[in-house]
Amino acid sequence: MFTDEDLEAAVIRSAWNSQQSAWETRGCQTADVHCAAAEVQTVFTTISCTQTEPQDSITESLTQLNLNPDSPETPGLKEFLHKVEDTVIRELSRNASSHAFDGFWVNQEDRSQPVSRTVSCLHRLQHPRAQESGLHVTSVSWSCTGSVIACAYGRIDNGDWRTESSYVCIWNLNRRGLNHKQADLVINVSTEVSVLCCHPQHPALIAGGLYSGELLVWDTSQIQDPVMAQTGMSADSHREPVYEVCWVPLQRKGDFGVLSACSGGRVLLWMVDSDSGGFVLTASFSLVGQQVPQSSNAGLK
């Protein structure tokens, strides 16, 4: 079944030494890089200094006070600042919210130019009935908002007592469609008005003095009946024309009284009683001729 058999051997010749590989070497070189170093130096130098000098002894003392924080404070300065702090802050807040000087510009650069060139006429307000009666403008007062102006009419051509009726006119300058010849509110007054003063906090309240010696407070928010308080002709009221009226703060915070002065030298302090529609006299002063300074350089405030 199986038999032996001899076969020829297969031979594969090696070719490792019959072929030779070829080798070749290559090379490259970049061009030379040129470098240069340079320096610069300023030739001239300049140093400038300045120093202000005290103009007087007060400036010098204040300068030394600022340089030495351990130096004692000026006597009374701290107490004064604490005393006026609330008042100053209140006035600054009111000025920040006021529009009284919006659009007003003053030329601070060229002092040689007259001031009149930086002031222009924005409004020319008129009341025809007052002009027809020949009345004069006797007083003008701005409201605390800075947008409402109140104007009083009377006569300034003679000093006799008169019973001629007059007017208090009010214009809102920020109102759209402002009519220069028609006031927003006209208050008829039985006697000529000599002075007006708007309330420092309530824009609707206006105090006024008459040539008859009476004192009134009008509430312009009440168009039908604006008279809020009136002194009338009493034993405590003025006997001469009232030429000055102003609102003054009272001891109670937020309360204001009305201070009035007449040509006879009486100065009266009133409290407004809105419930009864009248005034309550709280203080009275009298200025006689001997108390008035006779020097021409002295002024009466």
Side-chain angles (χ1 to χ4, degrees), residues 125-143 149-170 183 185-199 202 204-248 256-289 292 300-301:
L125 307 176
Q126 304 175 14
H127 185 54
R129 283 184 290 177
Q131 290 182 317
E132 293 172 0
S133 302
L135 298 177
H136 309 109
V137 176
T138 55
S139 181
V140 173
S141 180
W142 286 92
S143 70
I149 184 172
C151 176
Y153 287 93
R155 290 192 182 275
I156 58 176
D157 48 4
N158 58 65
D160 298 335
W161 278 54
R162 298 173 295 273
T163 58
E164 183 180 3
S165 61
S166 64
Y167 313 94
V168 173
C169 299
I170 299 171
L185 177 63
V186 179
I187 302 175
N188 295 313
V189 187
S190 59
T191 310
E192 297 173 11
V193 184
S194 55
V195 63
L196 288 178
C197 183
C198 294
H199 197 282
H202 301 285
L205 300 183
I206 303 175
L210 308 183
Y211 277 99
S212 62
E214 294 183 82
L215 189 67
L216 294 94
V217 171
W218 294 284
D219 185 356
T220 57
S221 62
Q222 306 296 326
I223 301 178
Q224 299 299 329
D225 187 13
V227 178
M228 180 179 178
Q230 185 175 4
T231 57
M233 299 302 295
S234 62
D236 297 332
S237 61
H238 294 288
R239 296 291 190 273
E240 295 82 10
V242 179
Y243 282 106
E244 186 62 38
V245 169
C246 63
W247 295 89
V248 293
F256 285 84
V258 179
L259 190 69
S260 61
C262 68
S263 58
R266 296 187 66 194
V267 180
L268 306 179
L269 179 61
W270 308 85
M271 287 188 62
V272 180
D273 188 359
S274 58
D275 296 333
S276 62
F279 288 85
V280 177
L281 183 64
T282 60
S284 176
F285 309 92
S286 180
L287 184 64
V288 297
V292 179
L300 178 62
K301 295 184 178 180

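Since the structure is predicted, the reported quantities are computational estimates derived from the model, not experimental observations.
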Say whether, by atom type as modelled, one donor and one acceptor occur between the side chain of His136 and the main chain of Ile156 under 3.5 angstrom.
yes

Donor-acceptor contact present, side-chain Ser166 to main-chain Gly154, <3.5 Å =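 Checking the backbone N and O of Gly154 against the side chain of Ser166, no donor-acceptor pair under 3.5 Å is found.
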
Can you tell me how far the OG atom of Ser221 sits from the CE atom of Met228, to the nearest 0.5 Å?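 Rounded to the nearest 0.5 Å, the OG-CE separation comes to 9.0 Å.
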
Within this structure, what is the OH-CD distance for the pair Tyr211 and Glu192, rounded to the nearest 0.5 Å?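 Rounded to the nearest 0.5 Å, the OH-CD separation comes out at 6.5 Å.
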
- Task: Classify the angle between the aromatic ring planes of His127 and Tyr153 as parallel (below 30°), tilted (30 to 60°) or perpendicular (above 60°).
- Result: tilted

Looking only at non-hydrogen atoms, find the nearest pair between [X] and [Y] and report the distance.
X: Gly278; Y: Ala229; value: O-CB, 3.5 Å
X: Gly208; Y: Val245; value: C-CG2, 4.3 Å
X: Ala152; Y: Val193; value: CB-CG1, 3.5 Å
X: Ala183; Y: Cys169; value: CB-CB, 3.8 Å
X: Leu210; Y: Leu216; value: CD1-CD1, 3.3 Å
X: Ile206; Y: Ala150; value: CD1-CB, 3.8 Å

Less than 4.5 Å apart, side chain to side chain, heavy atoms only: is that true for [X] and [Y]?
X: Pro226; Y: Asp219; value: no
X: Cys262; Y: Arg239; value: no
X: Tyr167; Y: Leu135; value: yes
X: Val195; Y: Cys197; value: no

(request) Kindly indicate, with the supporting measurements, whether the criterion side-chain contact (heavy atoms from CB on, under 4.5 Å) is fulfilled by Val189 and Trp218. (result) CA-CA 11 Å; Val189 187; Trp218 294 284; 4.0 Å; yes

Option passing side chain to side chain contact (heavy atoms under 4.5 Å, CB included) with Phe279 (candidates Asp273, Val258, Leu269) =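 Passing option: Val258.
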
Worked check of side-chain contact (heavy atoms from CB on, under 4.5 Å) between Ser284 and Arg266: CA-CA 7 Å; Ser284 176; Arg266 296 187 66 194; 3.7 Å; yes

Under the side-chain contact (heavy atoms from CB on, under 4.5 Å) rule, what do His238 and Thr231 come out as? Steps first, then yes or no, please.
CA-CA 9 Å; His238 294 288; Thr231 57; over 6 Å; no

